[in-house]
Amino acid sequence: MKILVTGGTGFIGSHTVVELLETGHDVVIVDNLSNSNACVLNRIFEITGKNVEFYNIDIRNYDDMNEVFKNHVFDCCIHFAGLKAVGESVLNPILYYDNNVVGTLNLLKIMNKYNCKNIIFSSSATVYGVPEKMPITEDCKIGKGTNPYGYTKIMIEQILSDLYKSNNRWNIVLLRYFNPVGAHKSSKIGENPNGIPNNLMPYITQVAVGKRECLNIFGNDYETPDGTCVRDYIHVVDLARGHVCALKNIVENKGLNIYNLGTGNGCSVLDVVKTFEKATGIKIPYKFAPRREGDVTINYADATKAKQELGWVAENNLEDMCLDSWNWQKNNPNGYE
Ligand code: NAD
Ligand code: UD1
């Protein structure tokens, strides 16, 4: 199939492009490089031996997007392009609603115009807000967002559901990711955060490589076995494979479908630190700090639906995730620079 990947030079997008190329799909990437680097394209070539057509454009630009669709007939769009920093979204909500929501609307207008009606969207477990039960199934109520970033995901899910209701020739897959970490086994692509990492795993790897002194663990008085928050960490390559499975499914299982992509295992912050230390042999100095606003206590997936309907299960365990994150960081101490 010929696939348009928006945000394809980003963290999850680049890993998905590799999996798509390795399973024989043709890929065109659209990315404005606002949070990624063009040299990812060389790395993708080094891994797969395949070149990908790349457009350095913003999905909000109608004319530029129109040009891409004039040049190609796509079977499906996998839509990753979006901004994802929770704190930044609180400080600059207009930017987030414009980039994520307006950008998606523009993409949908063009897809509609060119009769490309298959879309896989990067949603997030954040849409569950404070989850009503654990593990979280896809039919759990969508929660109240805790920040503008989360609301952009809730809004886009709503837009896509309404679109499907209006015209059931659309085939839409909403993939709700849990906590993506890890990197490609080759260490050629991985997560490349700007400035101080907000997320746990890149913070740990930056402590390990000597860029940061000490990890702050946000809260040790939660109602969990060791007092630290519990999450469902998932290897980015497993997540990427989930998109390839969803693609197979989108042409067979028509309609609007929602899947959690997680492992189904809850791990605490201390579990991650200890597993990282065991996998790499590197000690991670840490101290307990106050709780971070907006953190939920426990969050992990029931991933049964993805297994039954997509034939997908996560294969990497937490040790693999820690080791691959570390190998990426060690081999690329300054990311793609
Ligand atoms: P990322 O920032 O690494 O990748 C996103 C890519 O989109 C970047 O390359 C960026 O340059 C590009 N982009 C952003 N706005 C654009 C625009 N207007 N036009 C063109 N390109 C644009 O992030 P990621 O971690 O790979 O996340 C991919 C998607 O998955 C995002 O939509 C994110 O919200 C979602 N998601 C991520 C996580 C996570 O923890 N990483 C969790 C849940 C959902
Ligand atoms: C966060 C976002 C979520 C987003 C996801 C992916 C918040 C509240 N949630 O999820 O919306 O979809 O990232 O980008 O920001 N931790 C520390 N020290 C650190 C960093 C994190 O103790 O330096 C803890 C956190 O308190 C949390 C766990 O580690 O308990 C995981 O944090 P993180 O990696 O930021 O992911 P989430 O908060 O689950």
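Keep in mind that what you see is a predicted model, and the values were worked out from it rather than measured. The residues of the chain are indexed from 1 along the displayed sequence.
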Can you check whether [Y]'s main-chain N or O pairs, donor with acceptor, with [X]'s side chain at less than 3.5 Å?
X    : Y    : answer
N260 : D302 : yes
N249 : L310 : no
W328 : H184 : no
K211 : P333 : yes

Heavy-atom neighbours of [X] [atom1] exceed 12 at 6.0 Å:
X    : atom1 : value
E293 : CD    : no
K185 : NZ    : yes
K330 : NZ    : yes

Q) Do you know which of T280, V207, V209 makes side-chain contact (heavy atoms from CB on, under 4.5 Å) with Q329? A)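 For Q329, the side-chain contact (heavy atoms from CB on, under 4.5 Å) test succeeds with only one of T280, V207, V209, which is V209.
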
Q. With respect to F54, which candidate in N56, V52, I57 satisfies the side-chain contact (heavy atoms from CB on, under 4.5 Å) definition?
A.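 So, applying the side-chain contact (heavy atoms from CB on, under 4.5 Å) to F54 and each of N56, V52, I57, only N56 qualifies.
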
Hey, are [Y] and [X] close enough side-chain-wise for a donor-acceptor pair under 3.5 Å?
X    : Y    : answer
D232 : N299 : no
H72  : K2   : yes
D226 : S268 : yes
N332 : R43  : yes
N100 : Y151 : no

Could I get the full list of ring pair (Phe, Tyr, Trp, His ring centres under 6.0 Å) partners for [X], not counting sequence neighbours?
X    : answer
Y233 : none
W312 : none
H79  : F121
F11  : H15

Q: Go through N216 and K287 one step at a time and tell me if the side-chain hydrogen bond (donor to acceptor under 3.5 Å, both in side chains) criterion holds.
A: CA-CA 5 Å; N216 289 307; K287 61 176 189 286; 3.2 Å; yes

Do [X] and [Y] have side chains that approach each other closer than 4.5 Å (heavy atoms only, starting at C-beta)?
X    : Y    : result
R231 : C267 : no
K117 : N167 : yes
V101 : I159 : yes
Y286 : V269 : no
V68  : V30  : yes
K109 : Y62  : yes
D320 : E315 : no
C229 : T297 : no

Within this structure, what is the [atom1]-[atom2] distance for the pair [X] and [Y], rounded to the nearest 0.5 Å?
X    : Y    : atom1 : atom2 : value
N112 : R169 : CG    : CZ    : 8.5 Å
N257 : N171 : CG    : CG    : 8.5 Å
L200 : T228 : CG    : OG1   : 9.0 Å

Could you list the donor-acceptor pairs under 3.5 angstrom formed between side-chain atoms of residues 89-97 and any protein atom two or more places apart in sequence or on another chain?
from: S89; atom 1: OG; to: V86; atom 2: O; distance (Å): 2.7
from: S89; atom 1: OG; to: Y149; atom 2: N; distance (Å): 3.0
from: N92; atom 1: OD1; to: L95; atom 2: N; distance (Å): 3.4
from: Y96; atom 1: OH; to: A85; atom 2: N; distance (Å): 3.1
from: Y96; atom 1: OH; to: A85; atom 2: O; distance (Å): 3.3
from: Y96; atom 1: OH; to: E88; atom 2: OE1; distance (Å): 2.4

When hydrophobic residues are tied together by side-chain contacts of less than 4.5 Å, even through go-betweens, does [X] share a cluster with [Y]?
X    : Y    : result
I172 : I3   : no
M1   : I29  : yes
V27  : Y114 : no
L107 : Y55  : yes
I12  : L21  : yes

Q | Any residue meeting salt bridge (Lys or Arg N to Asp or Glu O under 4.0 Å) with D139, in chain and number order, not counting sequence neighbours | A | none

**Q.** Residue list, salt bridge (Lys or Arg N to Asp or Glu O under 4.0 Å) with D221, at least two apart or on another chain
**A.**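 Expected list: R291.
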
Short N-O contact, [X] and [Y], less than 4.0 angstrom:
X    : Y    : answer
K283 : E277 : yes
K188 : E46  : yes
E157 : R176 : yes
K141 : E132 : yes

Apart from [X] itself, residues in the same hydrophobic cluster as defined by side-chain heavy atoms under 4.5 Å:
X    : answer
V102 : none
Y222 : none
V73  : none
F45  : none

**Q.** Residue pairs involving residues 234-259 (criterion ring pair (Phe, Tyr, Trp, His ring centres under 6.0 Å); sequence neighbours excluded)
**A.**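 Every pair satisfying ring pair (Phe, Tyr, Trp, His ring centres under 6.0 Å) with a residue in residues 234-259: F80-H243, Y177-H243.
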
Q. Knowing that exactly one of D98, N32, T104, N106 qualifies, which makes a side-chain hydrogen bond (donor to acceptor under 3.5 Å, both in side chains) with R60?
A. D98

Q: Give the intermediate values and the outcome of side chain to side chain contact (heavy atoms under 4.5 Å, CB included) for residues I78 and L20.
A: CA-CA 11 Å; I78 307 185; L20 289 169; 4.0 Å; yes

Q: Verify whether the ring centers belonging to F178 and Y300 lie closer than 6.0 Å.
A: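 Judged by ring-centre distance (under 6.0 Å), F178 and Y300 do not meet the cut-off.
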
